[in-house]
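Below, chains carry the letters A, B, ... as their sequence lines are ordered, and counting in each starts from 1. For the numbers below, each heavy atom of this structure counts, side chains included, while hydrogens, waters and symmetry mates do not.
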Protein chains: 2
Amino acid sequence: MSPETSALPGTVRPRGRTERVRQAVTDATRTLLLEQGYRELSVERVAEVAGVAKSTVYRRWRDTAGLLLELMTELSTGEIPLVDTGSVEEDLLSLARGIAHVYTETNAGPMVLALIAESVQNERVADGLREFWHHRNDRAAESVRRAIERGDLPADTDPVEVIRMLGAPFYYRMLVTHEPLDDDLARRAAATALAAARAGDLRKR
Amino acid sequence: MSPETSALPGTVRPRGRTERVRQAVTDATRTLLLEQGYRELSVERVAEVAGVAKSTVYRRWRDTAGLLLELMTELSTGEIPLVDTGSVEEDLLSLARGIAHVYTETNAGPMVLALIAESVQNERVADGLREFWHHRNDRAAESVRRAIERGDLPADTDPVEVIRMLGAPFYYRMLVTHEPLDDDLARRAAATALAAARAGDLRKR
DNA sequence: CGACAAACGAAACTCCTATTGCATTAGTGA
DNA sequence: TCACTAATGCAATAGGAGTTTCGTTTGTCG
């Protein structure tokens, strides 16, 4: 029998030229996405800007969705700073402002929008995103867990659910109403999630 | 001088064959969207299924975004039922359950997802959607306005903002985490928006 | 009923996307 | 340093999306 599936390109010799190509392609993807927008993103353009044969890009990333997934690594590194002020109220407000900041002042906005739009059509991207959010929200939930331990919130509060409630309004604005993310929203989102948690509406089920 | 812009096809003779074509095309669009998904939606396929020349579809709808916009009319008619129970709590819970229902049990789910994904890339669709949500949320805010009049909520509460806070978690799940919309979510979303309003966190700015 | 033109249908054509086969380059281990 | 082959580059190809032209059908009005 012949080997069922040969190793994916870029996995056997991950250094040297292979790595240079990877860098050039991700750089080109990011550049095009930010300058031209998601709509103009195509494998051909990326290959052209990267100075790489398009067949190479097709082989290693398959399509634009694969290119976007590669960019998620960057999003993971550029995390939103998590603080520990000793007060849930301030922790959550800081988090909300961090979210507003990262989506308005950094490259994350267009990238995340493109990824979400793609995830509607593409299961691979949807899975990748789900995992990404889960990790991120779980880390952010730490401040809620501390608050519960301090007795500032009901003992059976679901920490991650609080974070999700806090985050939801941002994505609502970005995707549904296409409104700007201002500090007003950050304060409302943080206050809303906190009010719900305090009222006992975000308990574990 | 020649006429700046001639009337769009389908506007001068809106009856007879023109109307039959419109019906066939919207039917085909809906069918393809629901059966094959947004990814498989193309002008060519729609024209084929509708039994219409593709040049006709391109002329009148321009692209798939135009086809999707046509479907928004259907969404407007299939409104979420608004109740008046005399209690904000019950009104909002009923609304939240209505949202969960319409997106899980009807055709609205795939349609709205496709529209939102498209709106990321397409200004026309984004504008159409924004108007659509504004109208919908404004109508739903009626129950909040009644609650304010009764003195059940702070006088300067922003009624529409309450509705938006209530709706946000649904779109968060559909678009960001791709989780199902269950009754648990409906209860949490309604309770969260209400708790925030009562706490005075959703006042007009 | 008859004339006018709106709207549609059919087909050719261009452009872009995606796939494939083969030659070439360059990591990698002996 | 040399042999091996992973990975890339190049070019040809196929297929779909979008545009344009022109002839035909058919609402609409007098």
* B/Tyr58 side chain N/O closer than 4.0 Å to the phosphate oxygens (OP1, OP2) of D/dT19? -> no
* To do: Report the residue (A/Thr64 or A/Arg59) whose heavy-atom-nearest nucleotide on DNA chain C is the more 5′ of the two.
  => A/Thr64
* Whole-Å distance separating the CG atom of B/Leu67 from the P atom of D/dG18 -> 10 Å
* Nearest-Å distance, CZ (A/Arg20) to P (D/dG9)? -> 10 Å
* Would you say D/dG16 has OP1 or OP2 under 4.0 Å from some side-chain N or O of B/Arg45? -> no
* To do: Mind calculating the distance between CZ (A/Arg62) and C1' (C/dT20) to the nearest angstrom?
  => 16 Å
* For atom CD of B/Gln23 and atom C1' of C/dA7, their distance in whole Å -> 17 Å
* Side chain of A/Arg17 - closest among C/dA7, C/dT19, D/dA7 -> D/dA7
* **Atom CD of B/Glu131: over 12 foreign heavy atoms under 6.0 Å** => no
* Starting from C1' on C/dA18, measure out to CG on A/Asp63 and report it in whole angstrom. => 10 Å
* **Of B/Lys54 and B/Arg22, the one whose closest DNA chain C nucleotide lies more 5'** => B/Arg22
* Output yes when at least one side-chain N/O atom of B/Ser55 is less than 4.0 Å from OP1 or OP2 of C/dG9, else no. => no
* Could you state the atom-to-atom distance from CD of A/Glu48 to P of D/dT8 in whole Å? => 19 Å
* Asked: Rounded to the nearest Å, what distance is computed from the CD atom of residue A/Glu44 to the P atom of nucleotide C/dT17?
  -> 5 Å
* Nearest listed nucleotide, side chain of B/Arg60, among D/dG18, D/dG9, C/dA7 -> C/dA7
* To do: Could you tell me whether the phosphate oxygens of D/dA7, OP1 or OP2, come under 4.0 Å of any side-chain nitrogen or oxygen in A/Thr18?
  => no
* To do: Any chance you could lay out the ring pair (Phe, Tyr, Trp, His ring centres under 6.0 Å) test for A/Tyr172 and B/Trp133, step after step, and finish with the verdict?
  => CA-CA 11 Å; A/Tyr172 184 83; B/Trp133 299 122; 7.3 Å; no
* To do: Side chain of B/Ser42 only, please: which of D/dA12, C/dG27, D/dA17 is the nearest?
  => D/dA17
* For A/Asn122 and A/Ala65, which heavy atoms make the closest approach, and how far apart are they? -> ND2-CB, 3.2 Å
* Passing candidate, side chain to side chain contact (heavy atoms under 4.5 Å, CB included) with B/Trp61, options B/Val43, B/Leu67, B/Thr29 -> B/Leu67
* Asked: Can you check the A/Trp61 CH2 to C/dT17 C1' distance for me, whole Å?
  -> 18 Å
* To do: Before accepting this row, confirm whether a basic side-chain N of the pair A/Arg203/A/Asp158 lies closer than 4.0 Å to the acidic partner's carboxylate O.
  => no
